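Counting starts at 1 for both ligands and their atoms, following the listed order. All of these numbers come straight from a predicted model, not from anything done at the bench. The analysis underlying the following values was restricted to heavy atoms, covering all of them including side chains, and did not include hydrogens, waters or symmetry mates.
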Amino acid sequence: MERKVVFSGVQPSGGLTIGNYIGAIRNWVSLQDEYDCYYSIVDLHAITVPQVPKDLRKNTLEVLALYLACGLDPEKCTIFIQSHVSTHAELAWVLNTMSYMGQLSRMTQYKDKSQKLGESVNAGLFTYPVLMAADILLYQADYVPVGQDQKQHLELARDLTDRFNNRYSPTFKVPEPLIKKEEGKIMSLQDPNKKMSKSDENDNGFILILEKPDDIRRKIKRAVTDSIGEVRFSEEQPAIKNLMTIYSAFSGCSFEDIEKRYEGQGYKQFKEDLAEVVIEGLAPIQERFKEIMNNKEYLENVYKQGAEKAQYVSNKTLRKVYKKIGFVVK
Ligand code: TRP
């Protein structure tokens, strides 16, 4: 029996946070045994905002090494750098010609970004979700694990699928989003109403997977709490809820266990222990990361092998598309 296909990607725009780890990559690791998974480092998406070339190159390889350090296994899944596989930009072009300006201009992520940038907003930001649709459709993905913030983009991918399939004939599989549960989402340490993000201008808001122990201790010490003074998992205490989510993710303890352990103790001990739990949880990943980064040949082998497989699989879809739209097949 054919295994179902999973596709997802992360932009190489700076280091990954523990939010990316807990919310996304850890989950990707558990999917790789059961599904035929494609995980990309989406550098074509990253250049929709200005990048410093040498940083982009460094970040791309770092994200790849982090994927591997977190447990993605190139023997089980296909890991590749998006710009290595030419079909992504090619299918994106075709899908651009089938996308409505109206629908693209209603994408909330685009609206937010264009509001900030005004006249200087580039066309790549506008068509960003079309490239994302191409990523997904090229592999005939059944499932796409993403955060809530990408749900609208997934809807667009589904609309494009239907439009293409109806205009020509069934060609693409309709992808289903696998949206993370809200409870698992990691919020900023400085503002529990905002998602933890590496692009936060306040770097106390996030913890990177590669963060040093002392910085982890400092950031957790400074994390906002509340005046209630009890370690309890409740909607009225969003900051504590967030810290408990992190604690639970790294220790495996349930929220009840954590509540019991810190009953009547305030936040000081809880925060100190949380820092150690995070440091311990990240240590083996950081260790593997160092080893992998020191083995450039291995890294290169992984991305070359991944690109070859991705190119081969995605090319089958692209050839079908080109034929159906009336291009002369060579
Ligand atoms: N836009 C996604 C994000 O920023 C990254 C992404 C690009 C992606 N292409 C994708 C995610 C395809 C899932 C599937 O999170």
Could you tell me whether [X] and [Y] have their ring centroids closer than 6.0 angstrom?
X: F270; Y: Y247; answer: yes
X: Y35; Y: Y143; answer: yes
X: Y139; Y: H88; answer: yes

Per-atom contacts of ligand 1 with [X], taking only distances under 4.0 Å to non-hydrogen atoms:
X: V146; answer: 11 (C), 13 (C)
X: Y128; answer: 1 (N), 2 (C), 3 (C), 4 (O)
X: Q150; answer: 1 (N), 2 (C), 3 (C), 4 (O), 15 (O)
X: V144; answer: 13 (C), 14 (C)
X: D135; answer: 7 (C), 9 (N), 10 (C), 12 (C)

| message | I'd like to check whether S8 has a polar contact with ligand 1, where a contact means an N/O of the residue lying under 3.5 Å from an N/O of the ligand. | response |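 It does not: no N or O of S8 is found under 3.5 Å from an N or O of ligand 1.
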
| field | Min N/O separation H153 to ligand 1 under 3.5 Å | value | no

| query | Of the protein's non-hydrogen atoms, which lies at the shortest distance from atom 10 (C) of ligand 1, and what is that distance? | reply |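 Looking only at protein heavy atoms, the one closest to atom 10 (C) of ligand 1 is M132 CG, 3.4 Å.
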
| atom 5 (C) of ligand 1: which protein heavy atom is closest, and how many Å away? | G9 O, 3.6 Å

Taking only Lys NZ, Arg NE, NH1 and NH2, and the carboxylate oxygens of Asp or Glu, determine whether [X] and [Y] approach each other closer than 4.0 Å.
X: E300; Y: K304; value: yes
X: D215; Y: R218; value: yes
X: R217; Y: D214; value: yes
X: E235; Y: K241; value: yes

| D36 side, atom CG; Q140 side, atom CD - distance, nearest 0.5 Å | 12.0 Å

| query | Is ligand 1 under 4.0 Å from a heavy atom in the side chain of D149, in the backbone, in both, or in neither? | reply | neither

| said: Residue-level breakdown please: for Q11 versus ligand 1, do any non-hydrogen atoms fall below 4.0 Å on the side chain, on the backbone, on both, or on neither? | reply: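 The part of Q11 near ligand 1 is the side chain, not the backbone.
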
